[in-house]
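Report on the structure given below.
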2 protein chains.
Amino acid sequence: MTDDRVFKALADPTRRFLLDLLFARDGRTLTELESELEMTRYGVMKHLRVLEDANLVVTRRSGREKFHFLNPVPIQQIHDRWIDKYTEHHTSALIDLKDELENGS
Amino acid sequence: MTDDRVFKALADPTRRFLLDLLFARDGRTLTELESELEMTRYGVMKHLRVLEDANLVVTRRSGREKFHFLNPVPIQQIHDRWIDKYTEHHTSALIDLKDELENGS
DNA sequence: ACAATAGGTGACCAAATGGTCACATGTCAA
DNA sequence: TTGACATGTGACCATTTGGTCACCTATTGT
C-alpha cells in the first residue's frame, strides 16, 4: 500500500512542521523554508524529499528556484479509507469500552 | 505535543495491522494476536507497547492474561486538530493548485 | 506440588533514519 | 564573464528502530 510512505512521512515532527509552514503559505522555496528551521539546508532537503515521495508536497521549478506546494490529497485519502473506519465506527462503542474498563467486565 | 507518539506509532505497517486486528475484534490477548503475525511474541510485544504508549491500545489484566482494546480517541484527536486543517480548508484550493501546476503560473 | 501457560525484561544485532559536510551543477545579475 | 546564489548528490556518522533470544515471574489446571 502506498499509504506507508505517507504515514512514515507524517511520523517526523520536522516534516509536520514543514507541512504547517506550507499550509500557512504555499509556494515557498527551499532556502525560504530552511530559514525557519534550526537545521542545515541538507537536512531540510532530505525532509522535503520524503514529503515529495509521499506526494504530500508538490514542486515546480522556475529557473534556479524550486517552489513547494502542499498537496492535501494523500491526507484526505488516509482520512477517508483509514481514519473514518476507526473514529466514526467506534465513537459509539467508546462509551462501551469505557464502561468495560471501569466495571472490569 | 503528545501527537508525536501517535504519529510514530502509526508509521509502522505491523502496528497498523495490529490496530486492524483489534478493530475487527477487540479484547484479544497477546498470544492470540501473535498467532496472526509472522513474528515472534517479543516483536509483537514491542509493537503493542508502542501502541499502548501512544494510548492507541488500552489493556486490562485478568489473571495471567492481558486483553487489548483499540482506543480510537487519539486518532480522533489527530483527525480533529490536524487532518481537518489540511483537508477541509484546502480542498477548495486544490483546483487552484492543479491549475497553477498545469498552467505553470 | 508441578508442569504447562501467559506474559515480561534486558542484552543484543542489523537495518533504517536524521543530520552534516565536501563538492558539484545550473542560473542570474552586473 | 565572473561571482554570487539556489539547488543537488554521495559519503559519512550517530541514533533510533524492528526484531530475536536467553532467561525470569506469575497464574492456572490437574
Side-chain angles (χ1 to χ4, degrees), chain A residues 1-22 25-69 101 104-105, chain B residues 1-22 25-69 101 104-105:
Chain A
M1 191 68 78
T2 175
D3 282 355
D4 198 55
R5 270 180 302 193
V6 180
F7 277 111
K8 284 222 169 78
L10 292 176
D12 185 272
T14 303
R15 286 193 288 267
R16 292 198 300 277
F17 182 62
L18 281 170
L19 292 181
D20 282 339
L21 288 177
L22 292 180
R25 182 162 49 84
D26 247 338
R28 301 208 215 189
T29 169
L30 166 61
T31 27
E32 215 173 337
L33 292 167
E34 173 205 344
S35 70
E36 307 261 5
L37 291 175
E38 302 286 317
M39 193 184 302
T40 62
R41 180 168 59 85
Y42 314 100
V44 181
M45 271 191 54
K46 276 204 176 181
H47 284 303
L48 286 174
R49 176 73 197 278
V50 174
L51 291 170
E52 262 193 86
D53 288 349
N55 201 30
L56 284 162
V57 161
V58 188
T59 62
R60 175 161 53 88
R61 275 306 283 264
S62 166
R64 60 179 163 181
E65 288 171 308
K66 188 178 182 184
F67 302 102
H68 298 77
F69 301 89
L101 290 173
S105 132
Chain B
M1 191 67 77
T2 173
D3 283 355
D4 199 54
R5 271 179 301 192
V6 181
F7 278 111
K8 285 222 169 75
L10 292 176
D12 184 272
T14 303
R15 286 194 289 267
R16 292 199 300 276
F17 182 62
L18 281 170
L19 292 181
D20 282 340
L21 288 177
L22 292 180
R25 181 162 48 83
D26 248 339
R28 302 207 214 190
T29 168
L30 168 61
T31 26
E32 216 173 337
L33 292 167
E34 172 206 344
S35 70
E36 308 262 5
L37 291 176
E38 302 287 317
M39 194 183 300
T40 62
R41 180 166 60 87
Y42 314 100
V44 181
M45 271 191 54
K46 276 203 175 179
H47 284 303
L48 286 173
R49 176 73 198 278
V50 173
L51 290 170
E52 261 193 88
D53 288 348
N55 200 31
L56 284 163
V57 162
V58 188
T59 62
R60 175 161 53 87
R61 276 303 285 262
S62 167
R64 60 180 162 181
E65 288 173 306
K66 188 178 181 184
F67 302 102
H68 298 78
F69 300 90
L101 290 174
S105 134

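Order of the sequence lines sets the chain letters (A, B, ...), proteins ahead of strands, with each chain counted from 1.
- Of the side-chain N and O atoms in A:K8, none sit less than 4.0 angstrom from OP1 or OP2 of C:dA16.
- Distance CZ (A:F7) to P (D:dG18): 15 Å, rounded to an integer number of Å.
- Taking atom NE2 of B:H68 as the reference point, atom C1' of C:dG8 lies 12 Å away to the nearest angstrom.
- Between B:D4 and A:R16 there is a salt bridge, since at least one side-chain N of the basic residue sits less than 4.0 Å from a carboxylate O of the acidic one.
- Closest heavy-atom contact between A:F67 and A:S62: CE1-CB, 3.6 Å.
- The CZ atom of B:R16 sits 11 Å away from the P atom of D:dG18 (whole-angstrom rounding).
- Looking at B:E65 and B:R28, no side-chain N of the basic residue comes within less than 4.0 Å of a carboxylate O on the acidic one, giving no salt bridge.
- Heavy-atom minimum distance, A:K8 versus A:R15: O-NH2, 3.1 Å.
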Would you check, one step at a time, whether the test side chain to side chain contact (heavy atoms under 4.5 Å, CB included) holds for B:K66 with B:T29?
CA-CA 6 Å; B:K66 188 178 181 184; B:T29 168; 5.7 Å; no

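- For DNA chain D, the neighbouring residues in residues 39-56 of chain B, judged by any heavy atom under 4.0 Å, are B:M39, B:T40, B:Y42, B:G43, B:K46, B:H47.
- Contact record, A:H68 with A:L22: O-CD2, 3.5 Å, taken as the closest heavy-atom pair.
- The nearest whole Å value for the distance from the CD atom in B:E65 to the C1' atom in C:dG8 is 15 Å.
- Recorded end-axis angle for the helix from C:dA1-D:dT30 to C:dA30-D:dT1 stands at 20°, based on five pairs per end and rounded to 10 degrees.
- As a whole-Å value, the separation of A:F17 CZ from C:dG19 P is 13 Å.
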Output, in order, the C-alpha distance, side-chain angles, deciding distance and verdict of side chain to side chain contact (heavy atoms under 4.5 Å, CB included) for B:L10 and B:L19.
CA-CA 9 Å; B:L10 292 176; B:L19 292 181; 3.7 Å; yes

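- In this structure, B:E34 places its CD atom 14 Å from P of D:dG19, rounding to the nearest Å.
- Residues A:E52 and A:R5 are not paired through a salt bridge, judged by the lack of any N-O separation under 4.0 Å between the basic side chain and the carboxylate.
- Across the protein-nucleic acid pair, A:R28 atom CZ and D:dA6 atom P stand 16 Å apart, rounded to whole Å.
- Side-chain contact between A:V6 and A:N55: absent, with no pair of heavy atoms (C-beta onward) separated by less than 4.5 Å.
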Under the criterion side chain to side chain contact (heavy atoms under 4.5 Å, CB included), I'd like the reasoning laid out for A:L18 against A:L37: C-alpha separation, chi angles, the key distance, then a yes or no.
CA-CA 9 Å; A:L18 281 170; A:L37 291 175; 3.8 Å; yes

Do A:M39 and A:H47 pass the side chain to side chain contact (heavy atoms under 4.5 Å, CB included) test, and can you show the C-alpha distance, the side-chain angles, and the key distance before you say yes or no?
CA-CA 11 Å; A:M39 193 184 302; A:H47 284 303; 3.9 Å; yes

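- For A:D12 and D:dT15, the CG to C1' distance is 13 Å, given to the nearest whole Å.
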Listed pairs, N/O of protein and of nucleotides 26-30 of chain D, under 3.5 Å:
unit_1	atom_1	unit_2	atom_2	d
D:dT27	O2	B:R64	NH1	3.2

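- Side-chain nitrogen and oxygen atoms of A:T14 include none within less than 4.0 Å of the OP1 or OP2 phosphate oxygen of C:dG18.
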